[in-house]
Amino acid sequence: MDIRKRVHVAIVGASGAVGETMLSILEERQFPLTELTLLASRRSAGQTRIFRGRPLSIKELTPESFEGVDIALFSAGASVSAEFAPHAVKAGAVVIDNTSYFRRDSEIPLVVPEINPQEIFRHKGIISNPNCSTIQMLLAIKPIHDKVGVKRIVVSTYQSVSGAGRSAINEMLEQTRLALAGENITPRKFPHQIAFNAIPHIDIFMDNGYTKEEMKMVWETKKIMGDDSIAVTSTCVRLPFVSAHAEAVNVETRSKITAAEVRELLRCAPGVELMDDPSQNIYPMPIKGAGRDPSYVGRIREDESIPNGINMWVVSDNLRKGAALNAVQIAEVLIGGKA
Ligand code: NAP
Ligand code: 3JM
């Protein structure tokens with residue numbers, strides 16, 4: 001791709017929860033476009049979406065969809081990226097991929113622009129966007145790692161249903177209505193009833209007993225931070241609210257840092273907003289994070305069970321910073337704009 005100020009962008013998965021959020025974010029941030037192409041499966045081809053006040057029609061994704069496209073934002077699932085990202089690259093586009101398909105490939109940059117923007121420019125056609133749970137956690141971890149070194153992270157997530165797509169949101173809302181009416185519930189998207197429940201199972205189970213979502217946090221943390229020595233262990237749980245993920249994050253550091261020092265660091269950390277005043281009942285919650293850009297951090301405390309430890313509570317909108325916004329920020333760096 002030539003480095004130009006205005007570019008032709010394609011969104012693959014434009015009718016989905018992430019794709020529609022990409023559309024809003026490109027509009028909000030006045031992304032410099034020459035053209036916007038919306039792509040999805042045959043199921044939603046022909047539907048329209050409003051962009052900058054005008055209807056744009058969704059086209060069916062084919063191998064030929066990428067002619068003239070400079071940047072292709074993919075969020076239609078791992079198998080779609082596996083099949084179609086190579087066609088986009090062949091046509092000369094840079095792919096920014098929201099799926100897990102390429103994330104562990106050492107040749108492919110895995111980028112959070114506030115943390116490792118320099119990685120963007122070593123791409124060979126594809127740049128991966130990390131998992132939502134990893135992005136929001138690392139925005140809070142990075143300043144601590146730079147200051148005192150992070151040895152080990154123990155994280156438990158409280159993830160909203162929108163992370164599993166539009167059909168998952170609808171299923172949770174419908175199950176809630178059925179449960180309140182005392183009617184039978186048949187799970188479809190989730191392995192169990194999600195309404196009024198907590199499910200410790202996101203993505204598939206791996207041979208080691210962890211879920212793939214949990215392992216993504218382990219693998220992606222090391223790659224993004226460029227430090228294989230950071231130990232990570234994770235438990236990922238799905239909860240019945242629509243938007244934003246929350247995380248209880250325990251960090252063991254290499255040397256001592258106080259809670260006040262962490263607050264000071266995070267007050268001016270890029271992509272982070274401190275929300276930490278227990279005396280006023282102020283701390284992040286999904287209803288505060290939804291629809292907003294930052295990774296909110298609060299409940300910062302010293303872990304009194306070990307010499308060098310910090311506990312914190314991190315909340316961010318999984319469809320925005322966790323997916324669409326991070327991808328658009330990568331595109332902005334690519335074209336030489338703001339990050
Ligand atoms: P979603 O609401 O279910 O939307 C899926 C989108 O993919 C729809 O636009 C759908 O089009 C399209 N699609 C599905 N199969 C297709 C095919 N064979 N060809 C073309 N388009 C196809 O899901 P979502 O929440 O937006 O998530 C989409 C993907 O983004 C996920 O599978 C995941 O890989 C990734 N994701 C990443 C993060 C992250 O943390 N970075 C977070 C959430 C999701 P139709 O309307 O035509 O079916
Ligand atoms: C978030 O098609 C798929 O297998 C997609 C599953 C998925 C992913 C993923 O693995 O790409 C759903 C929701 C993610 C993600 O960001 O890792």
Side-chain angles (χ1 to χ4, degrees), residues 10-25 37-49 57-66 72-85 87-88 95-104 110-112 127-139 157 159-172 188-190 201-204 206 211-220 223-224 234 236 238 242-245 247 295 316-330:
I11 301 179
V12 180
S15 54
V18 175
E20 289 196 340
T21 309
M22 285 172 168
L23 205 65
S24 325
I25 289 177
T37 297
L38 304 185
L39 301 164
S41 81
R42 187 174 296 173
R43 290 181 290 276
S44 45
Q47 291 179 15
T48 55
R49 295 292 181 274
S57 103
I58 298 178
K59 297 182 189 139
E60 182 183 350
L61 174 65
T62 70
E64 290 75 43
S65 296
F66 300 99
L73 304 172
F74 272 71
S75 67
S79 59
V80 174
S81 292
E83 184 179 349
F84 289 93
H87 291 293
V95 169
I96 302 174
D97 184 37
N98 252 289
T99 79
S100 58
Y101 190 74
F102 301 104
R103 287 185 196 142
R104 296 184 70 202
L110 180 65
V111 177
V112 180
I127 300 165
S128 276
N129 200 75
N131 181 259
C132 39
S133 302
T134 312
I135 295 175
Q136 68 179 69
M137 177 178 81
L138 292 189
L139 287 170
T157 70
Q159 298 184 216
S160 65
V161 291
S162 60
R166 183 162 313 291
S167 58
I169 302 172
N170 294 338
E171 178 161 334
M172 187 274 282
R188 290 186 304 273
K189 184 87 189 170
F190 296 107
H201 174 182
I202 301 180
D203 209 331
I204 56 171
M206 315 280 294
T211 62
K212 196 169 173 199
E213 186 83 350
E214 289 161 353
M215 293 312 296
K216 287 172 191 170
M217 297 190 80
V218 177
W219 299 325
E220 296 176 19
K223 183 167 173 182
I224 296 163
S234 162
C236 291
R238 187 77 71 190
V242 173
S243 284
H245 294 347
E247 298 173 344
S295 183
S316 187
D317 187 319
N318 52 300
L319 296 179
R320 290 179 70 88
K321 186 58 188 169
L325 171 62
N326 197 71
V328 171
Q329 287 174 310
I330 292 171

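Note that the structure is predicted; figures quoted are calculated from it, not measured. Start at 1 and go down the list; that is how both ligands and their atoms are numbered.
Contacts of Ala14 with ligand 1, taken as heavy-atom pairs under 4.0 Å, involve the backbone alone. In Pro130, the part holding a heavy atom less than 4.0 Å from any atom of ligand 1 is the backbone. The part of Val80 lying near ligand 1 is the side chain, judged by heavy-atom distances below 4.0 Å. With a 4.0 Å heavy-atom cut-off, ligand 1 is reached by the backbone of Thr99 and by its side chain too. Contact annotation: for Lys212 versus ligand 2, there are no heavy atoms closer than 4.0 Å. Residue Asn98 touches ligand 2 through its backbone alone, judged by heavy-atom distances below 4.0 Å. Residue Arg103 touches ligand 2 through its side chain alone, judged by heavy-atom distances below 4.0 Å.
Close approach to Asn131 involves these atoms of ligand 2, each under 4.0 Å from a residue heavy atom: 15 (C), 16 (O), 17 (O). Counting atoms of ligand 1 from 1 in the listed order, those under 4.0 Å from a heavy atom of Asn129 are 41 (N). Listed by number with element, the atoms of ligand 2 under 4.0 Å from a non-hydrogen atom of Thr99 are 11 (O). Residue contact check: Val18 has heavy atoms under 4.0 Å from atoms 24 (P), 25 (O), 26 (O), 27 (O), 43 (C), 44 (C) of ligand 1. Every atom of ligand 2 with a heavy atom of Gly77 under 4.0 Å away is listed here by number and element: 2 (O).
Heavy-atom proximity to atom 8 (C) of ligand 2, evaluated over Glu213, Lys216, Glu220, is greatest for Lys216. Of all the listed residues (Ala164, Cys132, Ser100), Ser100 holds the heavy atom that lies closest to atom 11 (O) of ligand 2. Among Asn131, Asn98, Thr62, the residue whose heavy atom lies closest to atom 41 (N) of ligand 1 is Asn98.
Ligand 1 has a nitrogen or oxygen under 3.5 angstrom from a nitrogen or oxygen of Ala17. Considering both main-chain and side-chain atoms, Arg166 comes within under 3.5 Å of ligand 1 through a nitrogen or oxygen pair. For Gly163, no nitrogen or oxygen atom sits less than 3.5 Å from a nitrogen or oxygen atom of ligand 2, counting backbone and side chain alike. Residue-to-ligand polar distances place Gly16 within reach of ligand 1: an N/O pair is separated by less than 3.5 Å. Some N or O of Ser41 is nearer than 3.5 Å to an N or O of ligand 1, by distance alone. Looking at ligand 1, you won't find any N or O of Ala323 less than 3.5 Å from one of its N or O atoms. In terms of polar-atom proximity, Ser44 is counted as a contact of ligand 1, with an N or O under 3.5 Å from an N or O of the ligand. Some N or O of Cys132 is nearer than 3.5 Å to an N or O of ligand 1, by distance alone. Between Leu61 and ligand 1, not a single N/O pair is under 3.5 Å apart.
Side-chain contact check for Phe84 versus Val12: every heavy-atom pair is 4.5 Å or farther apart.
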Practice task
Given side-chain hydrogen bond (donor to acceptor under 3.5 Å, both in side chains), test Ser15 with Gln47 step by step and report yes or no.
Solution key: CA-CA 9 Å; Ser15 54; Gln47 291 179 15; 5.6 Å; no
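A salt bridge is absent between Glu220 and Lys223: the closest approach of a Lys/Arg side-chain nitrogen to an acidic carboxylate oxygen does not fall below 4.0 angstrom.
For the ligand labelled ligand 1, residue Arg103 lies inside the 4.0 Å heavy-atom shell.
Counting all heavy atoms, side chain and backbone alike, Ala14 lies closest to Leu38 at CB-CB, 3.7 Å.
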